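Data first, discussion second: the structure below is written as structure tokens.
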Amino acid sequence: MSNYKRIKGTKDIFGEEIDYWYYVENKAKEMLEKYGFREIRTPIIESEELFSRGVGQETDIVQKEMYTFEDKKGRILALRPEGTASVVRAYIENSMINFGSPQKFFYIGPMFRYEKPQSGRYREFYQIGAEIFGTDYPLADAELIDFLYEYFKTLKLTNFKIKINSIGTTKSREKYKKVLKEYYNPFLPILCEDCQRRYNANILRLLDCKIDKDVAANAPSILDYLDNESKEHFESLKKYLDVFEVPYEIDPKIVRGLDYYSKTAFEVEHLDLGEQAVIAGGGRYDDLVEQLGGPKTPAVGFAIGIERIIEALKKEHIEVENFSQIDVYIAYQGEQAELECIKLSKELRKYKIKTYLNLSKRNLSGQLKHANRLNAKLTIIMGEEEVVDDVVTVRNMETGEQTKVQRSWVTELVLEKLKEFS
RNA sequence: GUGGCUGUAGUUCAGUGGCAGAACGCCUGACUGUGACUCAGGAUGUCGUGGGUUCAAAUCCCACCAGCCACCCCA
């Protein structure tokens, strides 16, 4: 065994697993483009300050979960813990406001958070995110939620639900926090330890406490304390979602863990997952662009957790396409055949046929075994007999049926035979 | 950061103080130049790491590391 181990909370992704990744990522890209999003790739390292300012100095992400380090010049950098701040930075830095509004972006890539790993939670994890800049129109929020719904349906996921909420503007939220504190105050002595701590640190969190459920159930709802603007926005959002025919639940207990959210907040929860059941989450962040030094620009976005989606696909026993399956394995015996097979491999690959040319010295039996191992659809066999007759044998690895074909017709026959699979 | 369970071959695990094992997988070969069946042979381990107890430790004790799960938090 190697002395080197993968570091805690990280993963090697290969083999059959990679098919799930292709499935999730390819479908996402394809659909995001259909919705008019364009990809943006931002660096994985950013200045630490971008996140402490953007995500919020008081959040757990910034307080204890960031990978930060000094570079050789003493600059404080961080591995990105989330995608939005980077995209906002790029939007401002490249003056993208001049490209017309609204602007729609998506990204796919790894994020890093120093947390204790558990089911559905890694230190390096992948997100697919989307952001819309430059519109405060609730239709934008609705379209994002519609995307999530359509996307998960396209993946063939069924056992999930979409929850929406409005957490209002910063102002109205402060008002609500006061009301909540008043409500919780008399219960304080009987609340769990965590709730007592959170009472001052993050009062909104008391709402989704797993212990003091009863107290939370009767707590005043944030929806009753929204200012008119937020209320209207939320009403329109619901109206649009109905038009999109997206099923949703209103859950006033959804609070997001990042400071930048305002008005709309939403989560998609998968019912077969463990405690880390949120497969996507997002919301509106109308103040963030300005807060990071850009022009006042309203925005909405979401992030999807790829690992969690894959977990959900497995729980629902959804089969994914085998992207890496070999179409044709080329087995040969003898020097003459080898030379001919090298040429043949080039030919087949030109026709986009996934071709695996035998690369080792072993007998035919071993080569067939290897082909079987690779799950090849067809195997082309060329031995001394074939060389003499200028033919090759094409073997269907599922049925064992074999056909001899003139060397010059191989590609055509292979293309024909491959149609029987799929 | 806190807690519970678990670390032995590539994988799943047995071994509970006295020579490191099984099944599957892998490699080689046999059976008509032909895999998924059968048969024969072979390779693979610092028993998670470090310390301690003991004549003797995979086995007992301690610490650390890692995995899984839960809290916390989030995708």
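Because only heavy atoms are used, hydrogens play no part in the values below, and waters and symmetry mates are left out as well, while side chains stay in. Please read all numbers here as calculations on a predicted model, not as lab measurements. Here is how names work: the chains are called A, B, and so on, in the same order as the sequence lines, proteins then strands, and each is numbered from 1.
Side-chain N/O atoms of A/Q402 and base N/O atoms of B/U34 include a donor-acceptor pair closer than 3.5 Å. For A/R362 and B/C27, a side-chain-to-base donor-acceptor distance below 3.5 Å is absent, hydrogens and geometry of angles not being considered. Side-chain N/O atoms of A/E386 and base N/O atoms of B/G33 include a donor-acceptor pair closer than 3.5 Å. A donor and an acceptor atom sit less than 3.5 Å apart, one in the side chain of A/Q118 and one in the base of B/C72.
Separating the C1' atom of B/G4 from that of B/C37 is a span of 46 Å, rounded to the nearest Å. To the nearest whole angstrom, the two P atoms, one in B/G3 and one in B/G17, are 30 Å apart. Look at the P atom in both B/G35 and B/U28: the space between them is 13 Å, to the nearest Å. A distance of about 15 Å separates the P atoms of B/A23 and B/A43, rounded to the whole Å. Here, B/A22 and B/A40 have their P atoms 15 Å apart, quoted to the whole Å. B/C26 and B/U11 have their P atoms separated by 14 Å, with the value rounded to a whole Å. B/A14 and B/G21 have their C1' atoms separated by 8 Å, with the value rounded to a whole Å. Separating the P atom of B/C24 from that of B/A36 is a span of 14 Å, rounded to the nearest Å.
B/U16 has its base syn relative to the sugar, with a glycosidic angle deviating from 0 by at most 90°.
Atom-to-atom, CZ of A/R121 to C1' of B/C71 comes out at 9 Å; the value is rounded to the nearest Å. Residue A/I61 contributes atom CD1, which lies 12 Å from atom P of B/C73 at whole-angstrom precision. Taking atom CD of residue A/E385 and atom C1' of nucleotide B/U32, one finds them 11 Å apart after rounding to whole Å. Across the protein-nucleic acid pair, A/I304 atom CD1 and B/A75 atom P stand 12 Å apart, rounded to whole Å. When rounded to the nearest whole Å, the span between CG of A/L273 and C1' of B/A70 equals 15 Å. For the pair A/Y332 OH and B/U34 P, the interatomic distance rounds to 17 Å; values are reported in whole Å. When rounded to the nearest whole Å, the span between CD of A/E401 and P of B/U34 equals 19 Å. Separating the CE atom of A/M66 from the P atom of B/C73 is a distance of 18 Å, rounded to the nearest angstrom.
Nucleic acid contact class of A/R113 (heavy atoms, under 4.0 Å, all strands): base. A/E82 comes within 4.0 angstrom of nothing in the nucleic acid, heavy atoms only. Residue A/G400 is classed as a base contact, given a heavy-atom separation below 4.0 Å to a base. Residue A/I279 is classed as a sugar-phosphate contact, given heavy-atom separations below 4.0 Å to backbone atoms only. No contact: A/E269 has no heavy atom under 4.0 Å from any strand. Residue contacts shown for A/G366 are absent, as no nucleic acid heavy atom lies under 4.0 Å away. A/I309 comes within contact range of no nucleotide atom at all, as no heavy-atom separation falls under 4.0 Å. Using a 4.0 Å heavy-atom criterion, one finds that A/Y126 contacts no nucleic acid atom at all. A/G281 comes within contact range of the sugar-phosphate backbone alone, with a heavy-atom separation under 4.0 Å but no base atom that close. Residue-level contact check: A/A280 touches the backbone only, with heavy atoms under 4.0 Å from sugar-phosphate atoms and none from bases. Within 4.0 Å (heavy atoms only), A/K116 reaches at least one base atom of the nucleic acid.
A residue-by-residue look at A/I306 and A/G9 shows that A/G9 has its nearest nucleotide of RNA chain B further toward the 5' end. Annotation: of the two residues near RNA chain B, A/K64 and A/Y114, the 5′-most nearest-nucleotide partner is A/Y114.
For A/R198, counting side-chain heavy atoms from C-beta on, the closest listed nucleotide (B/A36, B/A75, B/C72) is B/C72. Out of B/A75, B/C72, B/G33, the shortest distance to the side chain of A/L364 is found at B/G33. Distance from the side chain of A/V278 is smallest for B/A75 among the nucleotides B/A75, B/A66, B/C73. Distance from the side chain of A/D194 is smallest to B/C72 among B/U34, B/A75, B/C72.
With A/S172 contributing its side chain and A/G168 its backbone, the two residues share no donor-acceptor pair below 3.5 Å.
Within the cation-pi definition used here (under 6.0 Å to the ring centroid, within 45° of the axis), A/K27 does not qualify as a partner of A/Y151.
The side chain of A/S365 contributes an N or O atom lying less than 4.0 Å from OP1 or OP2 of B/G35. Residue A/R373 has a polar side-chain atom (N or O) positioned under 4.0 Å from OP1 or OP2 of B/C26. Phosphate proximity of B/G33 to A/N363: absent, as no side-chain N or O sits under 4.0 Å from OP1 or OP2. Contact between the side-chain N/O atoms of A/S119 and the OP1/OP2 oxygens of B/C68 is not found at any separation under 4.0 Å.
Proximity of the aromatic rings of A/F302 and A/F147 is defined here by a centroid distance below 6.0 angstrom, and this criterion is met.
Of all nucleotides present, only B/A63 satisfies the Watson-Crick or G-U wobble test against B/U49, with each distance under 3.5 Å.
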Report the C-alpha distance between A/Q402 and A/T393 in whole Å, list the side-chain angles of each, state the deciding distance to 0.1 Å, and finish with yes or no for side-chain hydrogen bond (donor to acceptor under 3.5 Å, both in side chains). CA-CA 6 Å; A/Q402 296 196 163; A/T393 300; 5.2 Å; no
Given A/D272 and A/E311, is the side-chain contact (heavy atoms from CB on, under 4.5 Å) satisfied, shown in steps? CA-CA 9 Å; A/D272 300 333; A/E311 203 48 43; over 6 Å; no
Step by step, work out the side-chain contact (heavy atoms from CB on, under 4.5 Å) result for A/Y261 and A/L288. CA-CA 8 Å; A/Y261 287 113; A/L288 184 60; over 6 Å; no
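Of all heavy-atom pairs between A/S86 and A/E46, the closest is OG-OE2, 3.3 Å.
Open room surrounds OH on A/Y114; 12 or fewer heavy atoms of other groups in view lie less than 6.0 Å from it.
No donor-acceptor contact under 3.5 angstrom links the side chains of A/Q367 and A/Y332, judged on distance only.
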